[in-house]
Number of protein chains: 4
Amino acid sequence: MSEIEKNPRQRIIETALRLFYQQGFRATGINQIIAESNVAKATFYNHFPSKEQLCVAYLQARHTIWMDWLKKSVDSRPTPLARLLGIFDFIRDWMSNCDFRGCAFLNIASEIPCLDSDIRNEVVRHKDSLKGYISRLLAEVEDSGTTPLDTDRQQIVDMLYVLVEGAIVASQNYGQIWPIDAARQAADRLVKH
Amino acid sequence: MSEIEKNPRQRIIETALRLFYQQGFRATGINQIIAESNVAKATFYNHFPSKEQLCVAYLQARHTIWMDWLKKSVDSRPTPLARLLGIFDFIRDWMSNCDFRGCAFLNIASEIPCLDSDIRNEVVRHKDSLKGYISRLLAEVEDSGTTPLDTDRQQIVDMLYVLVEGAIVASQNYGQIWPIDAARQAADRLVKH
Amino acid sequence: MSEIEKNPRQRIIETALRLFYQQGFRATGINQIIAESNVAKATFYNHFPSKEQLCVAYLQARHTIWMDWLKKSVDSRPTPLARLLGIFDFIRDWMSNCDFRGCAFLNIASEIPCLDSDIRNEVVRHKDSLKGYISRLLAEVEDSGTTPLDTDRQQIVDMLYVLVEGAIVASQNYGQIWPIDAARQAADRLVKH
Amino acid sequence: MSEIEKNPRQRIIETALRLFYQQGFRATGINQIIAESNVAKATFYNHFPSKEQLCVAYLQARHTIWMDWLKKSVDSRPTPLARLLGIFDFIRDWMSNCDFRGCAFLNIASEIPCLDSDIRNEVVRHKDSLKGYISRLLAEVEDSGTTPLDTDRQQIVDMLYVLVEGAIVASQNYGQIWPIDAARQAADRLVKH
DNA sequence: CATGAATGAGGGTTCATTCAT
DNA sequence: GATGAATGAACCCTCATTCAT
């Protein structure tokens, strides 16, 4: 099925997935989006009331895609601990393949200072979802282990989540992999001790 | 000394420090900068060849200011360990006071995907400087301790740096303090064990 | 009968009566009209070939409504003279209740400079009708009076009509009632002397 | 001096005087204005912060021009009464020459329903000025007359003002001269009796 | 060295209308 | 007869930058 045969909304979303991520929100004009989506300007505005709302739809689509990537990668690991740390292995692969562009959500959030906006809400929802996923992976580790964690599990989750964020942005900043490895090692220690 | 008496370059830098940080790079127009700097448009371009170069100067100024804040806060702590962990205490205070706007450098980097640009280089320099500072604080902890760290010191530095970045961006995302506390606790553990 | 049960054409006309009058012709978009009429876009164009033709239908509907208002008000007065001057009393009430938005027909005419258009023709027809009504009311005054007017009746009609128009637009401009009172007083004098 | 040599602001105002009057406010796009003014788009916005503010400037320029026309015409009449009624003679000439486009101020007001806007304020100022002028002309008639008016002068002024407005809009509506003559005749009677 | 005027490309959005179904 | 999708031109406005003075 050629690109042109898909419905306009889908074409717009796919273009947004590419351009918003690679160029940023403000750096990407509506004109470029409609041009590369092969869509008339009014058609765009029939589907999305504003650029901001397209951004919300973009983040929702990105959330699904990225979480699928993550889960698929994590599920391929053999043990609960490998799956938990597999988050960092996935981030390693993903960051290597995205030219170290980093997290689509944090990048957008950097451009939108206002905390209570539809866009920022979508970012928080994504991170909540990620944190929930970390929590479930950690629970599996606990269940499988002989010795229980000596710390409140939620505290460990928070630490792991912070390590994930740090790994992403530090790797993005340097355009290098080592921050992810450092985060993985730190996570490994925090979980084991 | 009234604002108007300062030299134009300084007024522009101060305006940029405010606007670029609060609004973002692309969201801040040259017109707003020159208007709030009480400077003629051509005067601006006499001092800065482009908006991008102003951004570089902005980041350089911001680097000095932020590192001074950090060091002043850290220096007030009594022990080497308190100073090392004091980084997170500082971040707590700072983020509470900046409306959770987060790191000026990472925010700009999110808007500028191209890795090899003057702006991104300035961001890396800042983070290198921060990492070096962490390294020195950790060295003081080591020197004062009875038992040496059982890990390569640079590895710990990397972990701590990643925790710092994670603390900042996670706190920025949620508009809340808990990620900083989680990072501090993780750092505490990593250093002690 | 609920709004939604009326036929589409009627719903469109009623929406146009509201929006064209309150906002103006050009300021009111087709999209707003179809949205507030709960009508599909193509349904609209099935009933009206163009926005301009909707405007014609709007003016025709407005003519009926406004003349009914006028006549109902005038008919409630006891004497021929009271009825003639009752035009101004009606305008007083009407302008007070329409937020001084003024004459729907003159407002549209202001937006459509071209004299020979369907829209402008509709405006002229309305004003001819109004002038004819004034003429009939004046005839009743003449018939009831002992002394005939010393001037050609049509001349008086023209003067009264001009006073009516002046009362409306001056009151609209100022958002005040006094021009209508002034016009009434002038009409009173012109008829009596 | 060729058109192109005048300064941009003046060229823009002159274009606005032509286009806003002939086409209307909303019907005239900024693009047409800048094209016919031979001005770059940004140059336009350097001189006028918005289309609305250009409209204000347009009305101010129009006020000066129109009042000058009026006064020059009135001043050429021999007696106080001829000068007072000369207002209608001027309107006759003016309306014949403007293709019955009518009053620039009332036309704009028809497009801008909101009473408390910069534009509507400018309209009111113009009409206040016109009414003041009528008042002064009437005062001269009174001073020269043997018998004083048996009515409060301000009441007569209001009537005359309403007649002027009615003459303009009725003539505009019909594209004919007779409403102006009717208004003149009514004014004549009101002043004499 | 400092200035205000001017630029043209592009920003996001809405317009009245037509089309296949 | 009724519909929702799609159109492209036009809307008002802002952008970073350059120029003559």
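Heavy-atom basis, side chains included; hydrogens, waters and symmetry copies ignored. Residue numbering restarts at 1 for every chain, and letters A, B, ... go by the order of the sequence lines.
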When you measure from the side-chain N and O atoms of D:T43 to the phosphate of E:dT7, is any distance below 4.0 Å, counting only OP1 and OP2? yes

Residue-phosphate contact under 4.0 Å: C:H47 side-chain N/O, F:dA2 OP1/OP2: yes

Could you check how far [atom1] of [X] sits from [atom2] of [N], rounded to whole Å?
| X | N | atom1 | atom2 | result |
| --- | --- | --- | --- | --- |
| A:I33 | E:dG10 | CD1 | P | 16 Å |
| C:F48 | F:dG1 | CZ | P | 14 Å |
| A:L54 | E:dG11 | CG | C1' | 15 Å |
| C:I12 | F:dG1 | CD1 | P | 14 Å |

Per-nt protein contacts along nucleotides 14-21 of chain F (heavy atom under 4.0 Å; B base, S backbone sugar-phosphate only, - none) come out as BBSBBB--

Note to self: Do C:Q22 and C:D99 pair up side chain to side chain, a donor and an acceptor below 3.5 Å, judged on atom types alone?
What the structure shows: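 There is no such pair (donor and acceptor under 3.5 Å, judged by atom type) between the side chains of C:Q22 and C:D99.
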
Do we see a donor-acceptor contact under 3.5 Å between the side chains of B:E111 and A:N107?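 Not at all, the side chains of B:E111 and A:N107 share no donor-acceptor pair under 3.5 Å.
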
Taking salt bridge (charged side-chain N to carboxylate O under 4.0 Å, His left out) as the test, write out the residues that go with [X], two or more places apart.
| X | answer |
| --- | --- |
| D:R9 | none |
| C:K127 | C:E165 |
| B:R26 | none |

Using distance only, find each side-chain donor-acceptor pair of residues 48-57 of chain D under 3.5 Å and give its atom names and separation, not counting sequence neighbours.
from, atom 1, to, atom 2, distance (Å)
D:S50, OG, D:E52, N, 3.4
D:S50, OG, D:Q53, N, 3.2
D:K51, NZ, D:F25, O, 2.9
D:K51, NZ, D:T28, O, 2.9

query = In terms of heavy-atom contacts, does CZ of D:R125 have more than 12 from other residues, nucleotides or ligands at under 6.0 Å?
reply =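 It does not: D:R125 CZ has 12 such atoms or fewer within range.
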
| Parallel under 30°, tilted from 30 to 60°, perpendicular over 60°: which one fits the rings of D:F105 and D:H63? | perpendicular

Encoded 5' to 3' (Watson-Crick or G-U under 3.5 Å; [ ] crossing; | other strand), DNA chain F becomes .||||||||||||||||||||

